[in-house]
Amino acid sequence: MANPTTVARGRDASPSPGRRRNDRAARASGLPVWSIPYVLLIPGLVVIAGLLLYPMVQLGIMAFQKVGLAQIRGTRPAEWVGLDNFDKVLSNDIFWSALRNTVAFAFVAVSLTLIVGTAVGVLLHRLGRKMSLFVVIGCMFAWAVPPVAQGVIWRSLFDAESGIINWALNLVPTWLLSPPDGQESWSGTPWLNDTIPLYIALVVCVVWAGFPFIAVSVLAGLKGIPAELYEAARVDGSGAWRTFRKITLPLLKPVFAVLTILSIIWDFKVFSQLYVLMNGPTNRDGFNLSMYAVAEAFKPPQKLGTGAAISVVLTIILLIITVVYVRQIVKQEEM
């Protein structure tokens, strides 16, 4: 009679079907088994290198050169200027104004997007399956709108003469919200001419388009939390806010970590919506770093080297923020 232990060991020792397929593929290709995953990654790495790595290298080179219209046309070679482009950028008051606008906007937009998206995600989790699906589809329409179209939509809503925003504000009683000084009504209020109202419109536009992604991601995270935890919290008499703070928030920390860093990267480099709302790089006081880079690079006289230097500075800022934030997350996980 066969020993069950021997039979079990024999079964464990036999290669799995997946392993046998890998061995056959390795023999057919003439490659070692360990190298097959890396070989399969090569096409994707080539595409990434062509679409991302090469342009980034060219951008870095251009940041140390003087590149204008003559260099673009090929009548003159690019002139190496070392760190002169960075010196010009960092000594320009417009850069520091654009940096302030970028940081302040990103802080407000990221915070509001996460708050609104989380609230909607929790609401979706509480709704029934059909109603939740209906709301998700409606929200994703906003997220699917291209950035330029987002800017066009909100520019029309904030239009001084025919925008719905001014029309709605005229319906509010004057004792609750009075028009600006010297105006009898909100009609004709130029929201997009001054920096602060411009960025209010930009925050509304970005939050409107960004919260659906946060909501769906939070909803997916909530689906993975065991319902028994919420049942136990209800039995213990825990309120909604305490339950969210003690159960939902700690268990969704990895989700919020990824969403936060993605939102920071997206909002730091917002360009299309601001370009449309501003109607081009016209208001220098309202520049963010992306708009400042485009204005320096393409407005006559073209200074592509200076624009590239601004883009490099923006990239370095984002890398620093990402590294610091990821390190904080790792430290918290290790504690």
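For the side chain to side chain contact (heavy atoms under 4.5 Å, CB included) criterion with Trp154, the lone passing option out of Val204, Val206, Val276 is Val204. If you run side chain to side chain contact (heavy atoms under 4.5 Å, CB included) between Phe158 and each of Leu198, Thr189, Leu192, only Leu192 comes through. None of Val312, Leu318, Val313 except one satisfies the side chain to side chain contact (heavy atoms under 4.5 Å, CB included) rule with Ile316; the exception is Val312.
Counting heavy atoms of neighbouring residues, nucleotides and ligands inside a 6.0 Å radius, atom CG of Leu53 exceeds 12 of them. Heavy-atom neighbours of Trp80 CH2 from other residues, nucleotides or ligands within 6.0 Å: above the threshold of 12. Under a cut-off of 6.0 angstrom, the local environment of OH in Tyr325 is crowded, with over 12 non-hydrogen atoms contributed by other residues, nucleotides or ligands. In Ile164, the CD1 atom is not crowded: 12 or fewer heavy atoms of neighbouring residues, nucleotides or ligands sit closer than 6.0 Å. Around atom CE of Met131, no more than 12 heavy atoms belonging to other residues, nucleotides or ligands sit under 6.0 Å away. By the 6.0 Å contact criterion, NZ on Lys223 is enclosed, its count of non-hydrogen atoms from other residues, nucleotides or ligands being greater than 12. Within 6.0 Å of CH2 on Trp143 lie no more than 12 heavy atoms contributed by other residues, nucleotides or ligands. When the shell of 6.0 Å around CZ of Arg242 is examined, it contains 12 or fewer heavy atoms from other residues, nucleotides or ligands.
To the nearest 0.5 angstrom, Ile264 atom CD1 is 7.5 Å from Thr322 atom OG1.
Criterion: ILVMFWY side-chain heavy atoms under 4.5 Å apart, direct or through other members. Under it, Val46 and Leu52 are not part of a common hydrophobic cluster.
Taking the side chain as every heavy atom from C-beta outward, Arg155 and Asn279 approach each other to under 4.5 Å. Counting heavy atoms from C-beta outward, Leu289 and Ile317 have side chains that approach closer than 4.5 Å. In this structure the side chain of Phe268 reaches within 4.5 angstrom of the side chain of Val103, judged on heavy atoms.
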Residues Val120, Val216; criterion side-chain contact (heavy atoms from CB on, under 4.5 Å); working and verdict: CA-CA 9 Å; Val120 174; Val216 173; over 6 Å; no

Worked verdict on Phe256 versus Val218 for side-chain contact (heavy atoms from CB on, under 4.5 Å): CA-CA 8 Å; Phe256 284 124; Val218 170; 3.9 Å; yes

Derivation and outcome, side-chain hydrogen bond (donor to acceptor under 3.5 Å, both in side chains), residues Ser156 and Asp159: CA-CA 5 Å; Ser156 64; Asp159 186 77; over 6 Å; no

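Residues Ser132 and Leu124 come closest through the heavy atom pair OG-O, 3.3 Å.
Ring pair Trp96/Tyr292: centre-to-centre distance not below 6.0 Å. Taking the ring centroids of Phe287 and Phe95, they lie at or beyond the 6.0 Å cut-off.
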